S.K.: 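A single structure is presented below for examination.
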Amino acid sequence: MPRTNAEVQALLQEYADLVRISGGDAFKARAYEKAARAVGGHPADVAGLDVKELREIPGVGRSIAEKIVEFLSSGQVSAVEERREHIPAGVRELIAIPQLGPRKAMLLHQELGISSVDALVAAIHGERLRDLKGFGEKTEQNILHGIELLRASGGRILLDAAMEVAERIVGELSALPGCERCAYAGSLRRMRDTIGDVDILVAAEASAPFMAALVALPEVAETLAHGEKKTSIRTAKGLQVDLRVLPPGSWGAGLQYFTGSKAHNIRTREIAVRRKLKLSEYGLFHAKSGRKITSETEEAIYERLGLPWIPPTLREDRGEIAAAERGELPDLITEDAVRGDLHTHTDLTDGLSSLEAMVEAAAARGYAYFAVTDHAPDLAMQRMTQEKMLAQRARVRELDRVHRGMRLLHGTELNIGPDGEVDWPGEFLAGFDICVASVHSHFNQSRDRLTRRLVRAAENPYVSVIGHPTTRRIGKRPGLDADFDAVFEACARTGTALEINSHPERLDLCDDDILRAKTYGVKFAVNSDAHSTTHLPYLRYGIGMAQRGWLTDEDVINTWPLGRLRRFLRPG
DNA sequence: GCCGTTTTCGGCCCGACTGTTTTCAGTCG
């Protein structure tokens with residue numbers, strides 16, 4: 001997504017929140033929210049568009065277009081500033097807590113003067129909430145639980161947000177004279193699902209110009225350290241970025257060291273010690289003489305430790321060293337190996353892009369096949385009908401004839417009901433090329449019931465893929481409390497694939513689940529769940545998760561040729 | 001605030017669940 005679009009999206013969303021908190025017109029708030037989403041999913045950069053061009057974005061009318069133009073020219077919007085004056089930023093933070101919405105947040109502020117999460121926790125412990133109208137003991141407990149959840153992410157941020165910052169900084173620093181190498185390392189290079197801080201490495205003779213360039217970046221809110229070897233900043237959004245400049249000869253050792261994980265590095269250093277060597281961020285040395293053996297590339301360092309190069313996504317001390325020693329590292333799936341996306345939406349339901357635009361964007365990514373899987377009617381807000389689905393199918397078949405290089409599959413994302421049932425009867429499901437089925441409601445059922453529900457969905461002959469199986473939303477909602485071993489076993493038995501949903505807020509299944517599921521012999525599908533053409537590239541994050549789960553092409557059905565995929569999708 | 005093949009007003013995605021009420025407001029997907 002272009003950076004400006006993301007900024008405008010955040011601003012419009014903030015305005016929507018502020019309208020809601022101040023008790024303004026709910027429809028007005030919704031209009032801003034809708035426009036925020038539309039700008040976020042708009043394929044072209046909004047920077048440089050005028051009012052007339054902006055109004056062509058669906059959901060953006062005169063008033064919002066003018067606010068966007070004001071933002072583009074001055075960096076702020078007076079209407080937003082005005083509302084910010086009346087509502088402390090801390091009050092808006094409160095609505096990030098699950099179970100706590102704008103009305104309750106405003107009541108807390110007005111009645112108890114609460115304007116931060118900390119103050120809220122103190123008020124709950126002082127049992128001051130239960131006297132408010134609409135609050136009770138149970139509400140206090142729910143809010144506390146929500147805060148725990150929010151804090152469980154430990155201030156870590158989502159993978160895509162960190163990636164965006166890191167790639168932009170790497171781009172800026174790479175362009176400076178004297179830059180021999182530049183890359184991000186750390187948990188971002190290992191593609192963990194959330195990121196604590198961003199580590200950036202530069203190989204250059206002189207460090208000062210790079211340090212100066214980092215602190216001068218526009219998104220820097222605070223400089224935490226500014227030295228010769230290391231400089232740290234914090235961005236306006238609270239993300240810490242550490243920059244280290246290494247002598248070009250130490251590049252490989254530095255990259256290996258700062259990529260981690262800590263546990264992986266401990267293992268590699270132990271191997272070095274056994275070989276009477278010493279490994280540090282400066283290189284691999286003879287323990288006794290201190291003479292340097294190598295430091296220029298990661299490959300050379302691993303080689304001198306008697307190991308093949310280990311992909312960063314495996315460096316978690318989960319058996320990768322032993323596998324490397326035996327020459328049994330998996331031949332990991334790559335994004336290039338993916339032949340098509342099997343879970344995407346259009347503006348027929350809650351997507352932002354038309355069918356035609358989604359198909360164009362998929363073709364541009366070089367896919368051999370592409371499935372359109374809009375929501376089924378039990379997600380009531382989508383107002384789906386059989387007639388709408390059949391009309392879409394007819395259009396998909398037409399487009400399929402036009403796109404000779406790419407086969408289009410017509411599918412749907414079904415809702416797994418409270419007892420494992422899905423939206424439509426078998427006769428209608430038989431008409432789809434692919435059915436993904438996902439849980440979208442009743443998250444708090446008992447463990448037994450949730451398990452039976454998912455198993456029953458896997459046993460449905462028309463269901464080929466279980467979408468975002470745990471339904472977690474990072475920092476917002478934990479995964480379902482079900483017996484997933486039973487679910488994985490059922491999927492293996494019935495030939496139902498488990499999705500690796502690539503949306504940065506989901507990444508579901510996550511790496512640990514994938515590793516466990518794989519032991520049952522399950523197949524997987526790495527999908528974007530795109531709701532806009534701009535979301536199709538999310539696939540890279542799902543691929544990261546799949547690599548962290550040690551998956552190969554063979555494990556993932558959407559790397560397979562179309563014929564083999566179709567046989568897998570066949571009901572039964 | 002947006003939108004329009006019932007078009008410049010009067011609708012706006014709908015339904016369920018929870019915890020608080022005693023007939024409903026707030027939150028969520």
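Order of the sequence lines fixes the chain letters, A, B, ..., with proteins taken first and strands second; residue numbering starts at 1 for each chain. In this text the structure is predicted, and so the values were computed from the model without any measurement.
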S.K.: If you only use heavy atoms from C-beta on, which nucleotide in B/dG19, B/dT27, B/dG29 is closest to the side chain of A/Thr139?
M.R.: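 The answer is B/dG19, which lies nearest to the side chain.
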
S.K.: Starting from the 5' end of DNA chain B, give me the residue, A/Lys104 or A/Phe135, whose nearest nucleotide shows up first.
M.R.: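 Taking each residue's closest nucleotide, the earlier one in sequence belongs to A/Phe135.
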
S.K.: Any side-chain N or O of A/His442 less than 4.0 Å from the OP1 or OP2 oxygen of B/dA16?
M.R.: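 Result: no.
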
S.K.: Identify each donor-acceptor pair in which a side-chain atom of residues 43-51 of chain A lies under 3.5 Å from a protein atom, sequence neighbours left out, and give them as a table.
M.R.:
{"residue": "A/Asp45", "atom": "OD1", "partner": "A/Thr4", "partner atom": "OG1", "Å": "3.4"}
{"residue": "A/Asp45", "atom": "OD1", "partner": "A/Ala47", "partner atom": "N", "Å": "3.0"}
{"residue": "A/Asp50", "atom": "OD1", "partner": "A/Lys52", "partner atom": "N", "Å": "3.2"}
{"residue": "A/Asp50", "atom": "OD1", "partner": "A/Glu53", "partner atom": "N", "Å": "2.8"}

S.K.: Checking A/Thr412 side chain against A/Asp374 main chain: does a donor-acceptor pair fall under 3.5 Å?
M.R.: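 Looks like yes, one N/O pair under 3.5 Å.
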
S.K.: Report the distance from atom CD of A/Gln141 to atom P of B/dT20, rounded to the nearest whole Å.
M.R.: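 Between P of B/dT20 and CD of A/Gln141: 11 Å.
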
S.K.: What residues form a side chain to side chain contact (heavy atoms under 4.5 Å, CB included) with A/Ala36, not counting sequence neighbours?
M.R.: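 With sequence neighbours excluded, A/Ala36 shows a side chain to side chain contact (heavy atoms under 4.5 Å, CB included) to A/Gln9, A/Leu12, A/Gln13, given in chain and number order.
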
S.K.: Might you confirm whether atom CD of A/Glu137 has over 12 heavy atoms from other residues, nucleotides or ligands at distances under 6.0 Å?
M.R.: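 No.
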
S.K.: Paired with B/dT8: which nucleotide, if any, by Watson-Crick or G-U wobble criteria at under 3.5 Å for both distances?
M.R.: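 Paired with no nucleotide.
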
S.K.: Is the shortest side-chain N/O distance from A/Asn142 to OP1 or OP2 of B/dG19 below 4.0 Å?
M.R.: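 True: A/Asn142 side-chain N/O within range (under 4.0 Å) of B/dG19 OP1/OP2.
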
S.K.: What interatomic distance, in whole Å, is found between C1' of B/dC2 and the corresponding atom of B/dA16?
M.R.: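 Between the two C1' atoms, the distance is 28 Å.
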
S.K.: Are the side chain of A/Glu427 and the backbone of A/Pro425 linked by a donor-acceptor contact shorter than 3.5 Å?
M.R.: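 No: the side chain of A/Glu427 does not pair with the backbone of A/Pro425.
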
S.K.: Quote, to the nearest angstrom, the P distance that separates B/dG26 from B/dT21.
M.R.: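 The answer is 13 Å between these two P atoms.
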
S.K.: If I take atom CZ in residue A/Arg20 and atom C1' in nucleotide B/dG1, what distance separates them, rounded to the nearest angstrom?
M.R.: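 After rounding, the reported distance stands at 13 Å.
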
S.K.: For DNA chain B, whose closest nucleotide is more 5', that of A/His440 or that of A/Pro58?
M.R.: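 In this pair, the answer is A/Pro58.
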
S.K.: Round to a whole Å and report the spacing from CG of A/Asp17 to P of B/dT27.
M.R.: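 For the pair A/Asp17 CG and B/dT27 P, the rounded distance is 12 Å.
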
S.K.: Let me know the distance between CG of A/Asn415 and P of B/dG15, rounded to the nearest Å.
M.R.: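 The answer, rounded to whole Å, is 14 Å.
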
S.K.: So what does A/Arg477 touch, heavy atoms closer than 4.0 Å: a base, only the sugar-phosphate, or nothing?
M.R.: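 Sugar-phosphate, no base atom in range.
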
S.K.: Looking only at atom C1', what distance separates B/dT8 and B/dG1, rounded to whole Å?
M.R.: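 Here B/dT8 and B/dG1 have their C1' atoms 14 Å from each other.
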
S.K.: Would you give me the side-chain donor-acceptor pairs under 3.5 Å for residues 434-443 of chain A, sequence neighbours excluded?
M.R.:
{"residue": "A/Ser438", "atom": "OG", "partner": "A/Glu413", "partner atom": "OE2", "Å": "2.7"}
{"residue": "A/His440", "atom": "ND1", "partner": "A/Asn415", "partner atom": "OD1", "Å": "2.7"}
{"residue": "A/His440", "atom": "NE2", "partner": "A/Glu413", "partner atom": "OE2", "Å": "3.2"}

S.K.: What is the distance, to the nearest angstrom, from the NZ atom on A/Lys133 to the P atom on B/dT23?
M.R.: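 That distance rounds to 10 Å.
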
S.K.: Between B/dC3 and B/dC13, how far apart are the C1' atoms? Round to whole Å, please.
M.R.: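 These two C1' atoms come out 15 Å apart once rounded.
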
S.K.: Could you measure between the two C1' atoms, the one in B/dT20 and the one in B/dT27, and give it in whole Å?
M.R.: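 B/dT20 and B/dT27 have their C1' atoms separated by 13 Å.
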
S.K.: Rounded at 0.5 Å granularity, tell me how far CG in A/Leu18 sits from NE2 in A/His86.
M.R.: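 Reported value, rounded in 0.5 Å steps: 11.5 Å.
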
S.K.: B/dG29 C1' sits how many Å from A/His468 NE2, rounded?
M.R.: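 Result: 11 Å.
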
S.K.: Residues of residues 25-35 of chain A with any non-hydrogen atom less than 4.0 angstrom from an atom of DNA chain B: list those, numerically ordered, please.
M.R.: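 Under 4.0 Å from DNA chain B: A/Asp25, A/Phe27, A/Lys28, A/Arg30, A/Ala31, A/Tyr32.
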
S.K.: Within the 4.5 Å heavy-atom criterion, are A/Leu409 and A/Phe370 side-chain neighbours or not?
M.R.: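 No; the side chains remain at least 4.5 Å from each other.
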
S.K.: Got a sec? Which of residues 61-75 of chain A come in under 4.0 Å of DNA chain B, heavy atoms?
M.R.: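 The stretch gives A/Gly61, A/Arg62, A/Ser63, A/Ile64 as the residues lying under 4.0 Å from the strand, ordered by number.
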
S.K.: Measure from CD on A/Gln445 to P on B/dA16 and round the result to the nearest Å.
M.R.: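 Between P of B/dA16 and CD of A/Gln445: 15 Å.
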
S.K.: Mind calculating the distance between CG (A/Leu107) and C1' (B/dT20) to the nearest angstrom?
M.R.: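 In whole Å, B/dT20 C1' lies 13 Å from A/Leu107 CG.
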
S.K.: Students often get this wrong, so: under 4.0 angstrom with heavy atoms, is A/Phe443 touching a base, only sugar-phosphate, or nothing?
M.R.: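 Answer is sugar-phosphate: A/Phe443 comes under 4.0 Å of backbone atoms only.
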
S.K.: Backbone N or O of A/Pro478 within a donor-acceptor pair of the A/Arg473 side chain at under 3.5 Å?
M.R.: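 Not at all, since once roles are kept as given, no pair shorter than 3.5 Å links the two residues.
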
S.K.: Under 3.5 Å, which donor-acceptor pairs link side chains of residues 119-131 of chain A to any protein atom two or more places apart or in another chain?
M.R.:
{"residue": "A/His125", "atom": "ND1", "partner": "A/Val121", "partner atom": "O", "Å": "3.3"}
{"residue": "A/Arg130", "atom": "NE", "partner": "A/Glu140", "partner atom": "OE1", "Å": "3.2"}
{"residue": "A/Arg130", "atom": "NE", "partner": "A/Glu140", "partner atom": "OE2", "Å": "3.3"}
{"residue": "A/Arg130", "atom": "NH2", "partner": "A/Glu140", "partner atom": "OE1", "Å": "2.8"}

S.K.: Rounding to the closest angstrom, what is the interatomic distance between B/dT18 and B/dT23 at atom C1'?
M.R.: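 Rounded to whole Å, the distance is 15 Å.
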
S.K.: Assign A/Val60 to base, sugar-phosphate, or nothing according to its heavy-atom contacts below 4.0 angstrom with the strands shown.
M.R.: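 Counting heavy atoms under 4.0 Å across all strands, the contact made by A/Val60 is with sugar-phosphate only.
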
S.K.: Compute both the distance and the angle, then confirm whether A/Lys67 meets the cation-pi test with A/Tyr15: under 6.0 Å from the six-membered ring centre, within 45 degrees of the axis.
M.R.: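 Yes, A/Lys67 and A/Tyr15 form such a contact.
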
S.K.: Using a heavy-atom cut-off of under 4.0 Å over every strand shown, decide if A/Arg55 touches base, sugar-phosphate, or nothing.
M.R.: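 Nothing, no heavy atom under 4.0 Å.
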
